[in-house]
Structure formats: C-alpha cells, structure tokens
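Worksheet: one structure, shown below.
These values consider heavy atoms only, across backbone and side chains, with no hydrogens, waters or symmetry-generated copies. Here is how names work: the chains are called A, B, and so on, in the same order as the sequence lines, proteins then strands, and each is numbered from 1. Since the structure is predicted, the reported quantities are computational estimates derived from the model, not experimental observations.
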There are 2 protein chains.
Amino acid sequence: MAICDDDNGALALNRQLCFALYAASRAMTRAYQPMLQHLGITYPQYLVLLVLWEWDQQREREDADVSVGALGGRLMLDSGTLTPLLKRMEQRGLVVRRRAARDERVTLVEVTDAGRGLKPRAQEWVARQLDASAVSPQEVEQLRSQLWAFLAKLGGCGASDPVPSAD
Amino acid sequence: MAICDDDNGALALNRQLCFALYAASRAMTRAYQPMLQHLGITYPQYLVLLVLWEWDQQREREDADVSVGALGGRLMLDSGTLTPLLKRMEQRGLVVRRRAARDERVTLVEVTDAGRGLKPRAQEWVARQLDASAVSPQEVEQLRSQLWAFLAKLGGCGASDPVPSAD
DNA sequence: TGCAATTAGATTGTGCACAATCTAATTGCA
DNA sequence: TGCAATTAGATTGTGCACAATCTAATTGCA
C-alpha cells in the first residue's frame, strides 16, 4: 500500500469529531453510573426526571401538564423510545401516566413524590462532582455552548440552546 | 412551590452539558444516516471500519493483525458490544474473524476487499458534507480537541486524543 | 354532517451499550 | 511440572434509539 497518509484527509478529521462525540457521550453516561445505580435509574431516565423536575417547579397553573410529545420534543426522542422508558419509570413509581381528558390521543406524564424525592440526592452528588472535578465551570460552559451551536448547524430538528447566551 | 430558580443551580448547568453531549452524539449519528443506509452499515460499524481502514493502511508488516481487544481499546467498547457487531459485519462480508494461531484466546479481525471497497464512497460523502456544511474546519477542530481534553479529565480509561496537538 | 386526512402515542423489529458471568487458553510460580 | 491465577472473548439479560407501521382520536372541509 503506497497510498500516503493524506489519503485519509477529510475522513480522518471528520472521524475525530464524530468519534469524539460518541466517546464523550458514553464517557459521560459512565461517569454518572455510581449515582444512577444508587438512585436505581438509568441515564435517559435521569434526563427525563431533570426535565420533569424543572417543569414541575415552573408550573404555577394547575393544568401545565406534560405530554409524551412535549417531553420528546425537549429531549429529541420519539415515542418508540419514551413509551417503554416511561412505563418502566411508572412501574418504579417515579411518574404517573394518564390520558388527557380533552384529547384522548395525548398521554400526560407527571412526576410523583417519589420521583421528586430523588432530586436532592442527585443535586448533591452533581455539586460534589463538579467541585472535585478537574473540569472548570468555564470549560463546561464553553463546551456546552459549542455543542449547541454545532447541534443547531446540523439542522437538528428544532434544536436550540436552552441557555442561548447567558444564564 | 415557592422554591426559586436557583434551586436548580449546579444541576441545571451540569445538565446542559450532559444533555448537550447526549443530543449532539445522536444528532451526529442521524446526520450520517443517508450515507450509512446507502452503504448498508450502522454508525458503530462505520467507526469500526474507520479504524480498520486506518490500520490496514499503516501495516507494513504482514503480522500486524487486529484483535477484538485492540479494536475495543481504540473505540472504548467491550466484547459484549463488539462480538455481535463483528459477527454481523462478517455476515455481510465486510470483515473476516479468525482465532490467532499463537494464542487461541485471541480473535483477529481483518477487513475484506468488500470492506475496503466502501472507503472511497464514505470519503467522498464526508468531503462533500464538510464542504456543504455550515460548520467550519476550525470549529470542528476546536470542538474535537475540547472533547478530547474533557474525555481525558473524566479519567476515561486510557482515553487520549489521537491527534494530541497538531495534525 | 360525514368522511378523508391528520395527529399522538403505541407497537414491532433490529442493533447497539454494558454489566455480569462463563469458558477455554495461557502463565507463572511453588 | 502441575495447578491456581490470569487473560481474551463469548454469552446472557436489560434498557435504550429509532425506523416503520399500526390504532384510535380528532379535524376540517366538501
């Protein structure tokens, strides 16, 4: 094979990014394992709870219920992923699922007290990890904003940085 | 609920990063779908091929065979993921698997001509995408190096940037 | 106002990830 | 030199992701 290294060119460069994303995402999941195992949930279930915790807090009005579609929109996941995941969470008593009264096609998801109860523990763990971590808040912020800029440019189905410029 | 927004604090910040990584990784996979479907492979299979193409080229000596373990080390995947994946690739004629003669515990993986044949098509597609993309090579490079720095700090099991500082 | 088109989830099937465990081959030391 | 410890993959089981399809509810227009 007398082909020089440049043969890889664009492939090699692009590969670095697609592989880096893939590896970093899995490494992040791995880093959360000790906490998740302790709480008895999975990483995607944790992400669902983060959204539910946030929305649970924000709602002032009684009818601000969360549909499977709204959750999927926020997490960019479809019903094929969420339906079974939410059923498992329901079995563990973390959420309740019920059909909306005014449109029976819609399934509403609500976090239970048990689900809310996991929040302080998660919060404490995350805060401790950030303190102990070699990664500075500035690095986290920079990486986060670059990832969202990248996501937006990938034309990702309505992807928009939930923290546009300042928080 | 009279809890103020700061309640989310570290949780919200950290959440942005872990979710951004998760979403960006899946968005990247999604962006590759048109090509992957055309080639009849999956995203992880594509990553395996990238490694095999690279190593296939580099080997000058006849015995530079790739073990499942070496592949797993490079991709940070274990045998539970790779074994079935490689079997599927073997069934499609993209790779050959055989036991090493000098250590029967080791399984060697080799890319076939059919597997090599996909490379030009992948290369062309990636080059075209990069040209058409709204993302500049500088952005790609910056994001890539930051992800690797982050990966290394996560203490990721021997994770090291394959392109340490310059390429 | 009835019926075609749309919409929201649920279901089905394939392919990862990964923890836990198993099996067979190999090492290395008593 | 025999046998306990180690090592490399393979296997098993659970839980995502997601494309494709299905079903039931709802809309909206002829």
Figure out the [atom1]/[atom2] separation between [X] and [N], and round it to whole Å.
X       : N       : atom1 : atom2 : value
D65(A)  : dG9(C)  : CG    : P     : 12 Å
R26(A)  : dG15(D) : CZ    : C1'   : 16 Å
R98(A)  : dG9(C)  : CZ    : C1'   : 16 Å
L47(B)  : dG15(C) : CG    : P     : 17 Å
L108(A) : dA8(C)  : CG    : P     : 13 Å
R99(B)  : dG9(D)  : CZ    : P     : 8 Å
L82(B)  : dA8(D)  : CG    : C1'   : 13 Å
D78(B)  : dA10(D) : CG    : C1'   : 11 Å

Next item on the list: Determine the contact category for G80(A): base if any of its heavy atoms lies under 4.0 Å from a base atom, sugar-phosphate if only primed atoms, P, OP1 or OP2 are that close, otherwise nothing.
Entry: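 Base: the residue G80(A), judged by heavy atoms under 4.0 Å, touches a nucleobase.
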Single-linkage hydrophobic cluster, 4.5 Å side-chain cutoff, [X] and [Y] together:
X      : Y      : value
Y43(A) : L71(A) : yes
L36(A) : M89(A) : yes
Y46(A) : V51(A) : yes

Check: Do any N or O atoms from the side chain of T112(B) and from the backbone of G93(B) form a donor-acceptor pair under 3.5 angstrom?
Finding: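 Yes; at least one donor-acceptor contact below 3.5 Å.
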Checklist line | R116(A) side chain vs D56(A) backbone, donor-acceptor pair below 3.5 Å | finding: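 It does not hold such a pair.
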Notebook entry, point to check: Looking at dA10(D), does its base get a donor-acceptor pair with the side chain of S79(B) below 3.5 Å?
Noted result: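 Counting by modelled atom types and ignoring angles, a donor-acceptor contact under 3.5 Å is found here.
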So, is [X] near the phosphate of [N], with a side-chain N or O under 4.0 Å from OP1 or OP2?
X       : N       : answer
T83(B)  : dA10(D) : yes
T107(B) : dA10(D) : yes
K87(A)  : dG9(C)  : no
Q45(A)  : dG15(D) : no
T42(B)  : dG15(C) : no
Y22(B)  : dA17(D) : yes
S67(A)  : dG9(C)  : yes
R97(A)  : dA8(C)  : no
T81(A)  : dC16(D) : no

Notebook entry, point to check: How about R92(B): does its CZ atom have over 12 heavy atoms from other parts shown lying under 6.0 Å from it?
Noted result: no
Checklist line | Most 5' of Q33(B) and L85(A) on DNA chain D, judged by nearest nucleotide | finding: L85(A)
Note to self: Pick the closest DNA chain C nucleotide for V68(A) and for T29(A) by heavy atoms, then say which residue is nearer the 5' end.
What the structure shows: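 Between the two, 5'-proximity favours V68(A).
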Check: Charged N to carboxylate O under 4.0 angstrom, R144(B) versus E141(B)?
Finding: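 Yes, charged N to carboxylate O under 4.0 Å.
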Filtered N/O pairs between nucleotides 21-26 of chain C and protein, under 3.5 Å:
| residue | atom | partner | partner atom | Å |
| --- | --- | --- | --- | --- |
| dT26(C) | OP1 | E104(B) | N | 3.0 |

Notebook entry, point to check: So do the side chains of R98(A) and D65(A) get within less than 4.5 Å of each other, counting heavy atoms only?
Noted result: yes
Next item on the list: Answer whether the closest heavy-atom distance between the side chains of W125(A) and L39(A) falls below 4.5 Å.
Entry: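 No, side chains not in contact.
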Margin query: By the salt bridge (charged side-chain N to carboxylate O under 4.0 Å, His left out) test, which pairs, at least two apart or in different chains, include something from residues 31-47 of chain A?
Written below: none
Item checked: Ring geometry between F19(A) and W148(B) (parallel below 30°, tilted from 30 to 60°, perpendicular above 60°) ->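 Plane angle between 30° and 60°, so tilted.
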Check: Taking a pair as Watson-Crick (N1 to N3 plus N6-O4 or O6-N4) or G-U wobble (N1-O2 and O6-N3), both under 3.5 Å, which stems of 3 or more consecutive pairs involve DNA chain D?
Finding: C:1-30 with D:1-30
Item checked: L77(A) side-chain proximity, nearest of dG15(C), dC18(D), dA10(D) -> dC18(D)
